[in-house]
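Note sheet for the following structure.
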Amino acid sequence: MMTATPRTRRGDLPLADYNLGCTVQPGDEATLALFADLSEHDMIDHIQVQIVPLPRQAFEEYLTAVAATGIPATIHAPHHSHGVNPCAPTAYDDRPPQEIEAHIEQAMTQTFEAADTLGAETIVIHAGRYLPGEHTAARDGFHRFLDRYFDPRLTLENLPAVYRGYPLLGNDARELENLAGRKITQFCLDFPHLACTTNYRGLSFAEELEGFESLNVTLHHLSNIRRGSITDEHLELDHPDGGLDLAVVFAWLRRHKTIPTTLEYKQDSPAVYARQVQGFARLWEDHA
C-alpha cells in the first residue's frame, strides 16, 4: 500500500501528510503530461491507470508513456462500460458468449500485465451490474469470476445501488465483505458511490461510512454528486450543485491520512484536474 510522505508545501499551499492522486485514461497524453508536472511540483503522489482492452501496440505504448513519468501507479481494471462485467458477464450485452469470454480474458490479462509492469500493488475492480431480481446469482457469478481471475492485488470498490435503472453489486461495507470472501483482502472506498447508495436507500451517509472501519480500506475515490442524487456523475468537488457531505468526508480522510485518495472525473482534461488538485489541498486545510 502507498503511504503518505510528509513534505512542506504543495504549490502555493502548506503540504499536509496526505497521498493524493489522479486518474489517467488511455491516449490522454495532455492529462498525463500535466500529472508529470504536478508530481514534479509535489502536488500529487500517484496516478490511477485506467485499463481498457487495447490492441497490443496501443497497450504497450500506453504503459510506456505512464512508466516514463516515474509516478507510483495504481491500476483500475476494466468494468462493465468496457465490456467486462464480472458478476454477470452476459447481462445487458448482445455479443455472443464466446466473444464476451475472450474479451474478458484479454482485459484481465492486460490488467495484470499493467500492474506487473508499473509495479502497482493495487488493482481496483468493480463487481459489476446484474439483472433485477438476480442478486444471488450475481453474487455467485462474482465468486466464479474470482476463481478464474484472482490476484492478491485485487481491491474491491463499492458501487452505487443503481445506475441508469440497473442494479449494481457491492454497495456497502457488509456486502463488500461478503463478496470478498476469503480471497480479496483490500477495499476501495468510493465516497460519491456511497452517497448515491445512501440517498437511494434513505440512509445516513455518515453512519454507513463508519461501516467501512471494519474493512481493510487501502484506497479512496473522490469526486462529487448533486444534492440528494442517486446518480454517480463524477462532479468536481466545488461544483455549485455539489451535495457530497465534504465535512464528513474530510473528517474521515484526516482520520485515515495514510490511505491514498484518487480524484476521478469524467471530464478528463488537464484544466479540471489542475483546479481540483488545488481545490483538494484547500479543502484539506479548511477542514483541519
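By the side chain to side chain donor-acceptor pair (under 3.5 Å) test, Glu175 pairs with His135, sequence neighbours left out.
A salt bridge between Arg148 and Glu105 is present, with a side-chain N of the basic residue lying under 4.0 Å from a carboxylate O of the acidic one.
More than 12 non-hydrogen atoms from other residues, nucleotides or ligands lie less than 6.0 angstrom from CG of Asp286. Other residues, nucleotides and ligands contribute more than 12 heavy atoms inside 6.0 Å of the CZ atom of Arg255. No more than 12 heavy atoms of other residues, nucleotides or ligands lie within 6.0 Å of CZ in Arg174, so this atom counts as exposed by the packing criterion.
The distance from the CG atom of Leu169 to the CZ atom of Phe142 is 7.5 Å, given to the nearest 0.5 Å. With rounding to the nearest 0.5 Å, the separation of CG in Asn19 from CG in Leu219 is 9.0 Å.
Grouping the Ile, Leu, Val, Met, Phe, Trp and Tyr side chains by contacts below 4.5 angstrom, directly or via other members, places Ile230 apart from Leu194.
Checked against the 6.0 Å centroid criterion, the rings of Tyr166 and Tyr92 qualify as a close aromatic pair.
Side-chain atoms of Gln106 come within 3.5 Å of backbone atoms of Leu54 as a donor-acceptor pair (strictly under, hydrogens ignored). Side chain of Gln186 to main chain of Val217: no donor-acceptor pair is present (N/O by atom type, distance under 3.5 Å, no hydrogens or angles). Without hydrogens or angle criteria, Thr155 side chain to Arg153 main chain gives a donor-acceptor distance under 3.5 Å.
With His126 as the fixed residue, the side-chain hydrogen bond (donor to acceptor under 3.5 Å, both in side chains) test singles out one of His193, His79, Glu157: Glu157. Of the residues His220, His287, His256, the one that meets the ring-ring contact (aromatic ring centres under 6.0 Å, His included) test with Phe250 is His287. With Phe35 as reference, Ile44 is the one residue of Thr23, Ile44, Asp28 to meet the side chain to side chain contact (heavy atoms under 4.5 Å, CB included) rule.
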Phe280/Tyr18 under ring-ring contact (aromatic ring centres under 6.0 Å, His included): CA gap, chis, key distance, verdict: CA-CA 10 Å; Phe280 180 94; Tyr18 57 74; 4.9 Å; yes

Worked check of salt bridge (Lys or Arg N to Asp or Glu O under 4.0 Å) between Arg227 and Asp245: CA-CA 9 Å; Arg227 285 183 287 274; Asp245 192 335; over 6 Å; no

Full working for salt bridge (Lys or Arg N to Asp or Glu O under 4.0 Å) between Glu233 and Lys266: CA-CA 7 Å; Glu233 295 183 74; Lys266 290 188 176 180; over 6 Å; no

Steps toward salt bridge (Lys or Arg N to Asp or Glu O under 4.0 Å) verdict (Lys183, Glu177): CA-CA 10 Å; Lys183 289 189 173 182; Glu177 186 173 24; over 6 Å; no

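The closest side-chain heavy-atom distance from Arg275 to Val272 is below 4.5 Å. Asn85 places none of its side-chain heavy atoms less than 4.5 Å from the side chain of Asp93.
Ring orientation note: the planes of His76 and His221 are close to parallel, at an angle under 30° on the 30°/60° scale.
The closest side-chain donor-acceptor pair between Glu236 and Tyr265, if any, does not fall under 3.5 angstrom. Judged by distance alone, the side chains of His46 and Thr262 do bring a donor and an acceptor atom under 3.5 Å apart.
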